[in-house]
2 protein chains.
Amino acid sequence: MNAPILSQSRCGDCPIRHRAVCARCNADELEELDAIKYYRTYEAGQPIIWSGDVMNFVGSVVSGIASLTQTMEDGRTQMVGLLLPSDFVGRPGREGAAYDVAATTDVVMCCFRKKPFEELMERTPHIAHRLLEMTLDELDAAREWMLVLGRKTAREKIASLLAIIARRDATLTPGGATNRMVFDLPLTREAMADYLGLTLETVSRQISALKKDGIIELEGKRHVTVPDMRRLMEEAGDDSDGGFLG
Amino acid sequence: MNAPILSQSRCGDCPIRHRAVCARCNADELEELDAIKYYRTYEAGQPIIWSGDVMNFVGSVVSGIASLTQTMEDGRTQMVGLLLPSDFVGRPGREGAAYDVAATTDVVMCCFRKKPFEELMERTPHIAHRLLEMTLDELDAAREWMLVLGRKTAREKIASLLAIIARRDATLTPGGATNRMVFDLPLTREAMADYLGLTLETVSRQISALKKDGIIELEGKRHVTVPDMRRLMEEAGDDSDGGFLG
DNA sequence: CCCAATCCTTGACCCAGATCAACCGGACCC
DNA sequence: GGGTCCGGTTGATCTGGGTCAAGGATTGGG
């Protein structure tokens, strides 16, 4: 939501410019990061981390979408965050993972071994500051989502989610926010339901309703056109920022 | 939930030992903190910060309980965090406040002027680390609460809230968690409803139901005895940690 | 081509929790 | 004493979204 300084330099040879750890890093630090990093790919549906596992890396999403999920013993689940490209994963200074992380689409991660990363962080205050900033962003986003979960109707929830995806998509493509937006849903109906605290049937029904009312247009099941973002935002009951980073 | 090192030294003459910024601070730093700090009191019900206001301080709650609240244009509100004594308020490096903060009971705050605090933070990496740690705790708590909001029934929500208050109370009184717990509810039924994404009628009914079923005992409207914490935790559908710090 | 597996849609019905409304009881104040 | 708040309880009713169930569309494999 509050995307600060995008890095002008690349993190080593990462195919994207991380918004994460390398902003403002100088050449020495980037070299150090380079030395402790490696790439991993995950197929859609694969788990990346299980809640409670010992985490031995932190990193950023390079491409694809991952989800953070909480689960109850009886199987009820709630998605508590979406990780989009450039989002950071992991908790420097923490032993275990707090939630399940899974690849929603095929995912490429740029990982840093945790110990050396923490050591680099000790020596490099601006990395710690950057992480604090990112964590505050995520906290804002999580709290915004609490309002969605606690007080919004099903229709408003769907509209909120669509608005977030549209907005986030806009940050990755040049041009910024316009009235008309086109994007592909990166989530199944079930994943959307998990995110919104709904059932997949309700998600489906509300998407159909938004379509019938001309708020969105659908081509196939995933390809969405929003003819007028302002109308969508109204449906979301929300003229505030609405960005959820995960 | 993950209360790390409690400060052995006091933050200047604060009447409580902050768990917040002064853990591990040495004498020099405490002196600096002392120089930029001041106390403020707020009466129950009073606003402390309005969403969007420019914040010129950060600080900790010394006594009393404050709440963080999100509001929609049409008046629906969702509490997104509870601030209990020793909890930190404010967002170093951020201009504006993201939510309304209000005193739920009478509150005493120990405030630090923001600019000098940020400067001290620049020079003192362990303060930045401490803040990162606290922010990660809050993020965990917020995400845990998303599960409560999105997937739990009204009864489970009430039980979860009672468990959190009981647990948090226990961290402030010696002895730690036992089976039997006694505490006072620091929230009105309405505030509980705001926190849980329910109406106050539902809160009242579910509390009555828990009482009828012997999960809790009530003396007056606020004084609660939990004869067996394990039973309460079962009702919360939750054998995990469940601590929400705010 | 058929078959099976996914993912999605739609319909019929039901129930948890919202809504509307009446009332209780203690604190405070004339 | 008698108001009148204010917070809380309880009842009656309504409804949004859950649940159960039956297909439809697309994909991939034999």
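Here is the naming used below: chain letters follow the sequence lines, and residue numbers restart at 1 for every chain. Every heavy atom of this structure was used, including side-chain atoms; hydrogens, water molecules and symmetry mates were not.
- With sequence neighbours excluded, the residues that form a side chain to side chain contact (heavy atoms under 4.5 Å, CB included) with A:P47 are A:W50.
- Of all nucleotides in DNA chain C having an atom under 4.0 Å from a heavy atom of chain A, the first and last in 5' to 3' order are C:dC7 to C:dA12.
- Under the rule for a salt bridge (charged side-chain N to carboxylate O under 4.0 Å, His left out), the partners of A:K152 that lie at least two apart in sequence or sit in another chain are A:D238.
- Spacing between atom CZ of A:R189 and atom C1' of D:dT26 amounts to 14 Å, rounded to whole angstrom units.
- Scanning for salt bridge (charged side-chain N to carboxylate O under 4.0 Å, His left out) contacts around A:R91 gives B:D140, with sequence neighbours left out.
- Residues passing the side-chain hydrogen bond (donor to acceptor under 3.5 Å, both in side chains) test with B:D213 are B:R155, sequence neighbours excluded.
- Enclosure of atom CD in A:E190 is not indicated, since only 12 or fewer non-hydrogen atoms of other residues, nucleotides or ligands lie within 6.0 angstrom.
- Listed by chain and number, the residues in a side chain to side chain contact (heavy atoms under 4.5 Å, CB included) with A:S208 amount to none (sequence neighbours excluded).
- For the salt bridge (charged side-chain N to carboxylate O under 4.0 Å, His left out) test, residues two or more places apart in sequence or in another chain that qualify with A:E156 are B:R76.
- Computed from C1' positions of five pairs at each end, the angle between the two local axes of the helix from C:dC1-D:dG30 to C:dC30-D:dG1 equals 20°, rounded to 10 degrees.
- The interatomic distance linking B:L185 (CG) with D:dG7 (C1') rounds to 13 Å, in whole Å.
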Treating primed atoms plus P, OP1 and OP2 as sugar-phosphate and everything else as base, which nucleotides of nucleotides 10-22 of chain D get B, S or - for protein heavy atoms under 4.0 Å? BBB----SSBB--
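- Not counting sequence neighbours, A:T69 has no partner by the side-chain hydrogen bond (donor to acceptor under 3.5 Å, both in side chains) test.
- When the side-chain hydrogen bond (donor to acceptor under 3.5 Å, both in side chains) test is applied to B:D106, no partner is found at least two apart in sequence or on another chain.
- Taking atom CG of B:D194 as the reference point, atom C1' of D:dG7 lies 14 Å away to the nearest angstrom.
- Take A:D184 and apply the side-chain hydrogen bond (donor to acceptor under 3.5 Å, both in side chains) test, not counting sequence neighbours, and it matches A:H223.
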